[in-house]
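Structure record follows, encoded as C-alpha cells.
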Amino acid sequence: MAVNIENYNTIKKQLAEKEVTLVAVSKTKTVEEILQLYDLGQRDFGENYVQELVNKYEALPKDIRWHFIGHLQTNKVKYIAPFVHLIHGIDSEKLLSEINKQGAKLNRIVPCLLQVYISKDETKFGFDAQELKTLITQIMRKEVTYPQVAIRGLMGMATFTEDNALILAEFTSLKLLYENAKTQLLTINHQIPVLSMGMSADYMVAIQAGSNMVRIGSLLFGVRNYK
Ligand SMILES: *Cc1c(COP(=O)(O)O)cnc(C)c1O
C-alpha cells in the first residue's frame, strides 16, 4: 500500500496556516509506509500498541518523534519510557505514578498529556471534567508531585458520529477545560502548550474548536487492516 501523498500535502497546508502539529498515525502500517512519509519530511508519528511501537522505534530513523496515543497499561510503561516523545492517553493517577517511577529509573522526564473523557462513547478512556479539576488542584497545591513527568497538555476524542454539531460541542468543551487548566497551571509557572484533538473524520472541526495537534491515520495511510 502506498501512502496518500496528495492528502498529506493538502493536510500539511491546512495545518500550517493554523500552526497545528500533525501526528501521522501509523498503527498497523509497515516500516516502508512510514518511510514514505518520513522522506517527505514527516517526523511525528503515532502508535497505539506498545510492542508495535518498540519494533518500529528500533527499525526506523532515530529522529522520529514517537507519540503513544493508545490506552497504556502500567506494566508496559517501561518499554516506551526511554524514548517516547509524548504519551497522549494518561487516564489515571496510577499511570502517572508508574511513568514517574520509570522516569526516575531512567533519569528522564517523560512528556505526557492528560486524556479527558468528553464523548458519549463508553469505550473511551480519560478523566472526566470533575476528576481533571481535582487533579489540577492537587498539582497546584503540590499535594501530588510527579517530578519525572512533564504534563504538556490535554487530549480528547469526540463521539464517533456524523453529527458535527455534537463533535464541535465536545471539542469546544475540551478547549474550555484546557484554557482553564492552562491559566491555573501558569500561576505555578507550569506551561501546557498542547491540545491534542482531531482525527481523520473530525480534524477540521477540532481545529475550528482550537486544537493545536491532530492525530491522523486513515487519510494518510488508507484504511487499516486489523490482524
Ligand atoms: C487510530 C487513532 C487515530 C487516527 O484515526 P484515523 O481515523 O485513522 O485518523 C487518532 N487517535 C487515536 C487515539 C487513535 O487510536
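These values consider heavy atoms only, across backbone and side chains, with no hydrogens, waters or symmetry-generated copies. Every number for a ligand or one of its atoms is a count from 1 in the order of the listing. Here, residue 1 is the first one in the sequence, and each next residue gets the next number.
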At less than 4.0 angstrom from any non-hydrogen atom of [X], what atoms of ligand 1 do you find?
X    : value
S200 : 6 (P), 7 (O), 8 (O), 9 (O)
R215 : 4 (C), 9 (O), 10 (C), 11 (N), 12 (C), 13 (C)
G217 : 4 (C), 6 (P), 8 (O), 9 (O)
S218 : 6 (P), 7 (O), 8 (O), 9 (O)

Can you check whether I216 has an N/O within less than 3.5 Å of an N/O in ligand 1? no

Other residues, nucleotides, ligands: >12 heavy atoms within 6.0 Å of K101 NZ: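 Atom NZ in K101 is not packed in, count stays at 12 or less.
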
If you measure only the distance, is there a donor-acceptor pair under 3.5 Å linking the side chains of Y146 and E93?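 Yes, because at least one side-chain N or O of Y146 sits under 3.5 Å from a partner of the opposite role on E93.
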
With no hydrogens and no angle check, do the side chains of Q36 and E32 hold a donor and an acceptor under 3.5 Å apart?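 No donor-acceptor contact under 3.5 Å links the two side chains.
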
Closest to atom 2 (C) of ligand 1 (judged by heavy-atom distance), picking from Q115, M199, M157, K27: K27

Side chain, backbone, both or neither: which applies to N48 and ligand 1 if a contact is any heavy-atom pair less than 4.0 Å apart? side chain

For residues 34-51, which residue pairs pass the salt bridge (Lys or Arg N to Asp or Glu O under 4.0 Å) check, not counting sequence neighbours?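 As it turns out, the salt bridge (Lys or Arg N to Asp or Glu O under 4.0 Å) pairs with a partner in residues 34-51, which skip direct neighbours, are R43-D63, D44-R65, E47-K56.
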
Does some side-chain heavy atom of K120 sit less than 4.5 Å from a side-chain heavy atom of E170?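 Counting from C-beta outward, E170 and K120 do come under 4.5 Å.
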
Considering only residues two or more places apart or on different chains, which pairs with a residue in residues 178-190 satisfy side-chain hydrogen bond (donor to acceptor under 3.5 Å, both in side chains)? K175-E179

